[in-house]
Amino acid sequence: MAMGSPAETQILVVDDDPRIRQMLRRYFEHEGYKITCVSNGKEMRSSLATRPFDIVLLDLVLPDQDGIDLAREIRSTSNVPIMMLTGREDVVDCVVGLEVGADDYVVKPFHLREVHARLKSILRRYRTGKLTPNLDGILAFEGWRLDSDKRKLLNSQNVEVELSTGEFEMLDAFVRNAGRVLSRDVLMDLTRHRARDPFDRSIDTQISRLRRKIEIDPARPKLIKSVRSVGYVFTAKPVLTTSAARDK
């Protein structure tokens, strides 16, 4: 993924509305970004095969294929960030989109500054919130192996432990930020959710469930420790292994 200035950032817009494509092109080109606009899934595949992109802005409703299916297709082969574009009546579908791997969504009609802000937030999260960009790497810790490419957690007997999407993203965020105290707001951002409501306890609930799956004694956690009045810290020291280790 490109680092730094807008001029180094490649955006792919997939939307069948020419007015939206033109509006996004003008705005982001004015901001200094490199942007490619296509109108359907076939053109999207062709563009993705031609050059690497830093983020995809993907419409939910396209003439040739459902946007959720396209998001799932992208995520099966790439970790490129995805922002979904949706009509107000499609919000429920966008939640499904998040579950299959999209990073955020914005509702039409949207403000261009909001799209820009969300885009920068997603890119910042991908560029600074990951320990390594290597999709073929496996992070090993305390007998566990986390395969981010296949989205699997394997125990010391090489048996997969089932994790929900939220649990996997939470563990992935912890492992890639080991030793760093993460506030609930940061965890909410790293796990692809929107701004946290002060009364939202979903982070704590997710961590409680995760502890029951990876801690020897969930009541006295050693891997995911609470830091009073601040957040949580992952205490293990992950080691990056190669893809060859996946099949051993």
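Any value given below was found using the heavy atoms of this structure, including those in side chains, with hydrogens, waters and symmetry copies removed.
Ser76 and Arg72 form no side-chain donor-acceptor contact under 3.5 Å, judged by distance and modelled atom types alone.
Note that NZ of Lys222 is 9.5 Å distant from CD1 of Ile216, once rounded to the nearest 0.5 Å. Rounded to the nearest 0.5 angstrom, Asp103 CG and Ile122 CD1 are separated by 5.0 Å. Here CZ of Arg25 is found 16.0 Å from NE2 of His30. Values are rounded to the nearest 0.5 Å. Atoms CG and CG, from Asp69 and Asp64 in turn, are 10.5 Å apart once rounded to the nearest 0.5 Å. Taking CZ from Phe234 and CG from Leu171, the interatomic distance works out to 6.0 Å, rounded to the nearest 0.5 Å. Ile214 contributes atom CD1, which lies 10.0 Å from atom CD of Glu142 (distance to the nearest 0.5 angstrom).
When all heavy atoms of Leu58 and Gly67 are compared, the closest pair comes out as CD2-O, 3.4 Å. Summarising the geometry of Lys213 relative to Glu162, their closest heavy-atom pair is NZ-O, 2.9 Å, with the distance given to 0.1 Å. Residues Met44 and Ile74 come closest through the heavy atom pair SD-CD1, 3.7 Å. Considering every non-hydrogen atom in both Phe141 and Ala236, the closest pair reads CB-CB, 4.0 Å. Closest heavy-atom contact between Ser226 and Tyr232: OG-CE2, 3.4 Å. Between Gly87 and Val107, the shortest heavy-atom contact is C-CG1, 4.2 Å.
By the 4.0 Å N-to-carboxylate-O rule, Asp147 lies too far from Lys150 to be salt-bridged with it. Taking the charged nitrogens against the carboxylate oxygens, Asp204 and Arg184 do have a contact shorter than 4.0 Å, which makes a salt bridge. The pair Arg45-Glu73 meets the salt-bridge criterion, since a charged nitrogen lies less than 4.0 angstrom from a carboxylate oxygen.
Alongside Val233, the hydrophobic cluster contains Val181, Val227, Val230 (criterion: ILVMFWY side chains under 4.5 Å). Members clustered with Val159: none, using a 4.5 Å side-chain heavy-atom cutoff among hydrophobic residues.
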Next item on the list: Determine, step by step, whether Gln206 and Leu210 satisfy the side chain to side chain contact (heavy atoms under 4.5 Å, CB included) criterion, reporting the C-alpha distance in whole Å, the side-chain angles of both residues, the deciding distance to 0.1 Å, and the verdict.
Entry: CA-CA 6 Å; Gln206 204 78 264; Leu210 190 55; 6.0 Å; no

Check: Going through the distances and angles, do Thr86 and Phe110 end up as a side chain to side chain contact (heavy atoms under 4.5 Å, CB included)?
Finding: CA-CA 9 Å; Thr86 175; Phe110 46 69; over 6 Å; no

Next item on the list: Could you go through the side-chain hydrogen bond (donor to acceptor under 3.5 Å, both in side chains) check for Arg212 and Ser208 one step at a time?
Entry: CA-CA 7 Å; Arg212 289 198 291 269; Ser208 178; 3.2 Å; yes

Check: Leu24 and Leu85: side chain to side chain contact (heavy atoms under 4.5 Å, CB included), yes or no, with the steps?
Finding: CA-CA 12 Å; Leu24 289 170; Leu85 309 177; 4.3 Å; yes

Margin query: Run the side chain to side chain contact (heavy atoms under 4.5 Å, CB included) test on Trp144 and Val175 for me, step by step, so that the C-alpha distance in whole Å, both residues' side-chain angles and the decisive distance to 0.1 Å come before the verdict.
Written below: CA-CA 11 Å; Trp144 296 95; Val175 172; over 6 Å; no

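The closest donor-acceptor contact from the side chain of Arg75 to the backbone of Ser78 lies under 3.5 Å. For the pair Arg211 (side chain) and Ile224 (backbone), a donor-acceptor distance under 3.5 Å is present. Of the possible donor and acceptor atoms, one in the side chain of Asn177 sits under 3.5 Å from a partner among the backbone N and O of Ala173. No side-chain donor-acceptor contact under 3.5 Å links Lys237 to the backbone of Gly179.
Looking at residues two or more places apart in sequence or on another chain, you find no salt bridge (charged side-chain N to carboxylate O under 4.0 Å, His left out) involving Glu215. When the salt bridge (charged side-chain N to carboxylate O under 4.0 Å, His left out) test is applied to Arg26, no partner is found at least two apart in sequence or on another chain.
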Contacts under 3.5 angstrom, residues 32-40 side chains, donor-acceptor by atom type, not counting sequence neighbours:
residue	atom	partner	partner atom	Å
Tyr33	OH	His116	NE2	2.9
Thr36	OG1	Arg51	NH1	3.2
Ser39	OG	Glu43	OE1	3.1
Asn40	OD1	Lys42	N	3.2
Asn40	OD1	Glu43	N	2.8

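Counting heavy atoms from C-beta outward, Glu169 and Leu163 have side chains that stay 4.5 Å or more apart. By the 4.5 Å heavy-atom criterion applied to side chains, Tyr105 and Leu60 are not counted as neighbours. With contacts defined as side-chain heavy-atom distances shorter than 4.5 Å, the pair Arg151/Asp172 does not qualify.
Every pair passing salt bridge (Lys or Arg N to Asp or Glu O under 4.0 Å) that includes a residue from residues 13-24 is listed here, sequence neighbours excluded: Asp15-Lys108, Asp17-Arg19.
Under the 4.5 Å side-chain contact rule for hydrophobic residues, Val239 and Leu153 do not share a cluster.
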